[in-house]
Protein chains: 4
Amino acid sequence: MCPRTAEAYEAIREASKQKIMQAALEIFARRGFEKSSIRQIASHGGVSLGLMYNYFKSKEDLLIAICQKSMQDVQASFIEADKGRTAKEKLERLVASSFEILAQHRDFWQVFYSLRSQPGLKDLLPESFQLWHKSIHVQLKTYLSELTHPNPDAAAWLLFATIDGVAQHNIWEENYPLKAVLDELLKTYLEDSYAAT
Amino acid sequence: MCPRTAEAYEAIREASKQKIMQAALEIFARRGFEKSSIRQIASHGGVSLGLMYNYFKSKEDLLIAICQKSMQDVQASFIEADKGRTAKEKLERLVASSFEILAQHRDFWQVFYSLRSQPGLKDLLPESFQLWHKSIHVQLKTYLSELTHPNPDAAAWLLFATIDGVAQHNIWEENYPLKAVLDELLKTYLEDSYAAT
Amino acid sequence: MCPRTAEAYEAIREASKQKIMQAALEIFARRGFEKSSIRQIASHGGVSLGLMYNYFKSKEDLLIAICQKSMQDVQASFIEADKGRTAKEKLERLVASSFEILAQHRDFWQVFYSLRSQPGLKDLLPESFQLWHKSIHVQLKTYLSELTHPNPDAAAWLLFATIDGVAQHNIWEENYPLKAVLDELLKTYLEDSYAAT
Amino acid sequence: MCPRTAEAYEAIREASKQKIMQAALEIFARRGFEKSSIRQIASHGGVSLGLMYNYFKSKEDLLIAICQKSMQDVQASFIEADKGRTAKEKLERLVASSFEILAQHRDFWQVFYSLRSQPGLKDLLPESFQLWHKSIHVQLKTYLSELTHPNPDAAAWLLFATIDGVAQHNIWEENYPLKAVLDELLKTYLEDSYAAT
DNA sequence: TATGAATGAGCGTTCATTCAT
DNA sequence: AATGAATGAACGCTCATTCAT
């Protein structure tokens, strides 16, 4: 009753995995990790309850898998952003692409921000998130150094916090004036007034 | 007909209430609202499981009571901050006092930020939080207008996001260079260069 | 702070006891024994939670006390009914007084009937209820014998069941045509047709 | 892709459902609905605590399911009873079948009567029970009309109360002389003396 | 591979009861 | 005599997880 050609197995496995992860991401974003049940995810993904455990050890394991996959996408986008010529252009690109990524992966960011503020869950994704945080700070610091900012380290932290804050306000607040705020952000941080101060 | 006096009972009640609220705040901050159980809170507070229900209708009611109490403290501090003479001084005080409050009420802010990012929980505290959000934006906008900022609305959103972002990074990140970042923040937003641009 | 003349104590005790029993009877009738809480009863009676335990060992003990007191009232009324001259008159009086008692002690009967059908609770009031059941049957059988009923034992059971059934329908059913049914009852059981059959 | 067939699952489901319903009926009858706990039912049925919730939304839902199933059986028996030729025969059959049903579904009737007398629970089964009550009265009234009873409405209420009362006494009283009482009942209500009076 | 019935630890909550005052 | 704060066993219920098929 269930013969399969061997070569089809891997494709089926991958398809099921993706289906489950996509369903889980949507449910996690909509209801939060704690309040999402495995049943809801399975039902939303159109698979059986037990199938999930063929691919993921546990609910937390599923969350980790989703985060790692999404982080890869995000990282890829960031690397793309680094291709500007001048430091100013790079910074502009970085900001612009950050918010494009935010729009494209809204569900993931929703989940990401709620994970980051939930103390218990932060420890689940220890390495990647911490490393990523650091790397963003370093990247920003580099750009600001190239722009001859007098205090690139503190300014990089500040800019990072600003981007983070805007991103979150944009997610939680409806009708957030994102464009105006980003314009203001670039004006504030990219005025070539550093030499003057 | 010789029970305790009414005042004695009131004192006992108030003490127990505070003990429970304090214990709950610590547990909520440490583990998140959803993952905190009544049993953990009771145990941490050194009271029995059922005592909470003498004072709070439910776990959610307890959360609301905690938030309202903490919000009062926070509001009081903010009002204090408004006593500067010039707009610049007011803004400086607002930023300074915000982070003093953050340090003094770390647990509450931890809980606040995790509530705000959890989809379901945002609706629990609808009025006060939303109003507060708005009022901060308005206050910042007023200060920036007084400082003749060319685009006070967008700048107020931006500044708000920055403060929010710094606050969160300061909470999640150990050894966050808060002082340097705040200096940079004030330098960035309080340069009296608005007239010039 | 709480001096009392010794002679007043007993009066106070009795008054409190009655207040509690009356409150409990009303609550039990309205919500059923299981769903009534000690808190509700104390609150309804205007006394403190703990006072009840000065007078009654437990919730069940309170129930028993109420039933015993009410049964005494009921018994007294029944004895009164036995004062007719002829058997026919006695039977008429018994029926009439039964339903008067029912109307006067509605709350008790409500409780009584719900107790009787609740298996666990039947055992709480073991003697009085059983004895009372038997004595009613005997009394009815005597009357019917005097009326030369050919099968007084079965008829007494039947009449008892009828009275019981009418009483319950009258309690649960709104707008129950009690008067018409009782007329019919008397007509059915008191037709002097026994000699004929 | 080789799970059990859909029919196999359905059979398993039905078996478990029946097991739970049967266990619940027995426990409800023995201890009353309120005093019966899900744990007792599960234990008595030899299944796990949570299994009930795979099949029934709640404890109340389980009760409703049990009542509906039992009511169907009861209704079927009543319809059978209506097949007599004369009104007298129909009435005889109705009474006879009522008490056969009572004997066959003793647990259900125990539960039914305790539900009916418990104030809060009466509202749980609103439609079917109320309708059924009415329909019995109507049916009895019809038979009595056909028997040219001078006051069929009151007599129908009376007969209904009698049947109800006998049924309950038969349930609560051990060694109840049911046969004799029923004979007496039929004699009382089926004497063809209506024309004479 | 895929299914979903079954489990049971743990949750929020209630409430009869105790006891220091 | 009277109070009500405090207790904790037990409740109905949820849900991540297991496993026979």
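Quick note on labels: first sequence line is chain A, next is B, and so on, each numbered from 1. Any value given below was found using the heavy atoms of this structure, including those in side chains, with hydrogens, waters and symmetry copies removed.
- Between the side chain of Gln40(B) and the main chain of Ser37(B), a donor-acceptor pair closer than 3.5 Å is present.
- Ring centroid separation for the pair Phe129(C) and Phe112(C) comes in under the 6.0 Å cut-off.
- When atom types are taken as modelled, the side chain of Gln18(C) and the backbone of Ala15(C) share no donor-acceptor pair closer than 3.5 angstrom.
- Atom CZ in Arg4(B) sits about 5 Å away from atom C1' in dA20(E), given to the nearest Å.
- A heavy atom closer than 4.0 Å to some atom of DNA chain F occurs in Tyr53(A), Ser58(A), Lys59(A), these being the qualifying members of residues 52-62 of chain A.
- At a cut-off of 3.5 Å, with distance as the only test, a side-chain donor of Gln22(C) or Glu26(C) sits close to an acceptor on the other residue.
- Distance, Lys19(D) NZ to dA5(E) P: 14 Å, rounded to whole Å.
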Base-pair string, DNA chain E, Watson-Crick plus G-U, cut-off 3.5 Å on both distances, | for inter-strand, is .||||||||||||||||||||
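- Aromatic ring orientation, Trp109(A) versus Tyr113(A): tilted (interplanar angle from 30° to 60°).
- A distance-only check finds a donor-acceptor pair linking the side chain of Ser36(C) to the backbone of Gly32(C) [under 3.5 Å].
- Taking every heavy atom of residues 22-51 of chain D and every atom of DNA chain F, pairs under 4.0 Å involve Ser36(D), Ser37(D), Ile38(D), Arg39(D), Leu49(D), by number.
- One finds no side-chain N or O of Ser16(C) lying less than 4.0 angstrom from the OP1 or OP2 phosphate oxygen of dA1(F).
- Qualifying side-chain contact (heavy atoms from CB on, under 4.5 Å) partners for Ser48(C), counting only residues two or more places apart in sequence or in other chains: Leu51(C).
- What separates CD of Glu10(B) from P of dT3(F) is a distance of 18 Å, to the nearest Å.
- Contacts classified as side chain to side chain donor-acceptor pair (under 3.5 Å) and involving residues 53-72 of chain B (residues at least two apart or in different chains) are not found.
- Applying the side-chain contact (heavy atoms from CB on, under 4.5 Å) criterion to Lys19(A), with sequence neighbours excluded, gives Val47(A).
- The CG atom of Leu63(D) lies 10.0 Å from the CE atom of Met21(D); values are rounded to the nearest 0.5 Å.
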